[in-house]
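The sequence lines fix the lettering, A, B, ..., with proteins before strands; numbering per chain opens at 1. Remember, predicted model here, so these are calculated numbers, not experimental data.
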There are 2 protein chains.
Amino acid sequence: MANIRDVAKKAGVSVATVSRVLNRASNVSPKTADAVLAAMQELHFTPNGLARGLALNRTRTIALLIPNIVNPLYPEMAKGVEDVAHQKGYNVLLCNTEEDIAKERDYLTMLIERRVDGLILMSTLLTNDNLLQIREYNIPFVLTGRYRQDLEADIVYTDYAYGSYLAVHHLLEVGYQRIAHISGSAIQWESQEKLSGFKKALREAQLTVEAKYIVEGDNEIEGGYLGTMRLLHLSEKPQAIFAANDLMAIGAIDAVKAQGLRVPSDVAVAGFDDIRMSALVEPKLTTVSHPVHKMGLIAARLLFDHIDGGAGEDATQKILLQPKLMVRKSCGHENRLREIFN
Amino acid sequence: MANIRDVAKKAGVSVATVSRVLNRASNVSPKTADAVLAAMQELHFTPNGLARGLALNRTRTIALLIPNIVNPLYPEMAKGVEDVAHQKGYNVLLCNTEEDIAKERDYLTMLIERRVDGLILMSTLLTNDNLLQIREYNIPFVLTGRYRQDLEADIVYTDYAYGSYLAVHHLLEVGYQRIAHISGSAIQWESQEKLSGFKKALREAQLTVEAKYIVEGDNEIEGGYLGTMRLLHLSEKPQAIFAANDLMAIGAIDAVKAQGLRVPSDVAVAGFDDIRMSALVEPKLTTVSHPVHKMGLIAARLLFDHIDGGAGEDATQKILLQPKLMVRKSCGHENRLREIFN
DNA sequence: TTGAAAGCGCTAACAG
DNA sequence: CTGTTAGCGCTTTCAA
């Protein structure tokens, strides 16, 4: 593969000059520049990014770690990140950690070895200590998903507890009493938050939180299906199920149907995320919406504030985005209203 | 960030020795090795992958270009690729081209600059000429999705035309006559294939292919929705719609419902891909299944055959995988059978 | 078993 | 405006 020296030779100039046109430096005469460009074309010269990164100590690359590429949530966030990265002339490396902390660590060392200029960690499973280690390499990073009071780092997050509270509160308002929860992976902090919002709503309604009505899912459709099956085999079935994400809620609806029951008349179902699919299942899913694409945008902007050196090192930002309840059909809102007014 | 020289100094050895333990060379005394390892730990040494890649002319990285991360098909293929890459100790860079040929080219040059060791291009929009240029850089690549008789390259593909034929044939068998098609993006080769399978089935049934019954979609839910709306506003509505992928089929079902009509009794719908969601919409989607994860696996294996130098350069492989019809509810199979036997 | 040193391809002073 | 040259951090002969 042709290198800068080959180009220099062919164009009859020095490597420095070639390097200058490569970097669009102003101090090159148009004539020589043309000659160099021509030589590059002829030789199919493609600069070696490794060598360049080595010399510059900068790779114009950021990395994005997402827990699960199959959950539509993350690709959408990723798009937000890519939008701003591309605009800034950066490439983004997408890494799918599959909610596996070991995989996450592996990717992290790989990315440090690659000397990426920055990192965005979505719903990371890493501990604060792990995160602080990244600091030693002077690689700026931004977190999304999990609020960490104690960590000096930029974070973009949603108020998961409040979102869950909204959903469960709605369920209560419609009139359900026996409400179950299919939680997300226990290792994820978000899952705890959602659980706490669930409990808070119940307690406010003077209802006791029953352990049998809380089952753990895996954040995937299957987990929702399985969890629901367990709940439906309880001697006293729940009247409503709040799943920690839409994927599981969709699995829940499927399970309810598979049991020959109906949503919402037999069992109501609510979710969290408002993925595109949630408005396409039957019945349309009542869920909690949060600005996912925007989270990606904001996270990326925060990151570039650091990369570009604009951000004051001490002022870390923790940006909270508010969730919103999307009332659709899966919780039987209308049916109940009708009952009430009759 | 500590470098190899720092480690050498701290351990009281030469950089060559450090490099040796870094590469697990056998000719280092256990004693010195331990000392070096200790020094590495203390200094939080992380080898510079750029420098290493520069010296070795090898990055242990392959790249995967996918057209649309939001279509669940591709993440699943990606998983197949990652499975074998990780096992071989390679990292994979995921690039989302959004069915944009310009973006694809950008990624490609970026990846060449990064000196990746290999490429997997999924349903690429690049021309054969474009592809041949990659050859000049001696970067092995494998294609999926599109069969190219004329290109000397490894390809893993599905018989899209046959799959479509199967779906439409089924529709005909159930008894529909006015069958419409929502095609994929016209720039994609797969779309042409699927269209041809559609036409073939109709012709075989002595039906004329009517232009008004063929609308172009965008491979996304929205495209299916919009296309269906147009079809439903025709003076003579189609009895069945075959969408070029499940995402559009799901959009089609949504549109039919939005018009106050029912699937399949008013309009039948069939799709292609058999994504997880297709079994969860109401009614469950009749669709064409193909082994997506397997495609990823096979593509990766073919690529590594080249990277590891095992593959004979002349014997390019074109691996064809067969699609399969999944009959579910959205085409009214059962209803028709009942009619027939009454 | 170890070390010295050249070289991978590029950038960026510095000198002209 | 252009060229010379010393690195960037690592690997790898070649000698010892």
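Judged by atom type and distance alone, Arg115(A) does not reach the base of dG9(D) through any side-chain donor-acceptor pair under 3.5 Å.
In this structure, Asn27(A) atom CG and dC1(D) atom C1' are separated by 7 Å, rounded to whole Å. Across the protein-nucleic acid pair, Leu56(B) atom CG and dC8(D) atom C1' stand 16 Å apart, rounded to whole Å. In this structure, Arg20(A) atom CZ and dA13(C) atom C1' are separated by 10 Å, rounded to whole Å.
Dashed line: the shortest gap from a side-chain N or O of Arg52(B) to OP1 or OP2 of dT11(D) is under 4.0 Å. Between Thr32(A) and dT2(D) there is a side-chain N or O to OP1 or OP2 distance below 4.0 Å. When the side-chain nitrogen and oxygen atoms of Thr17(A) are compared with OP1 and OP2 of dG3(D), one or more of them lie within a distance under 4.0 Å. A sub-4.0 Å separation between OP1 or OP2 of dT12(D) and a side-chain N or O of Ser19(B) is absent. Phosphate proximity of dG9(C) to Asn48(A): absent, as no side-chain N or O sits under 4.0 Å from OP1 or OP2.
Distance from the side chain of Ala16(A) is smallest to dG3(D) among dT11(C), dT11(D), dG3(D). Among the nucleotides dG9(D), dT1(C), dC1(D), the one closest to any side-chain atom of Ser29(B) is dT1(C).
The residues Arg146(A) and Glu190(A) are annotated as not salt-bridged, no charged nitrogen and carboxylate oxygen being separated by less than 4.0 angstrom.
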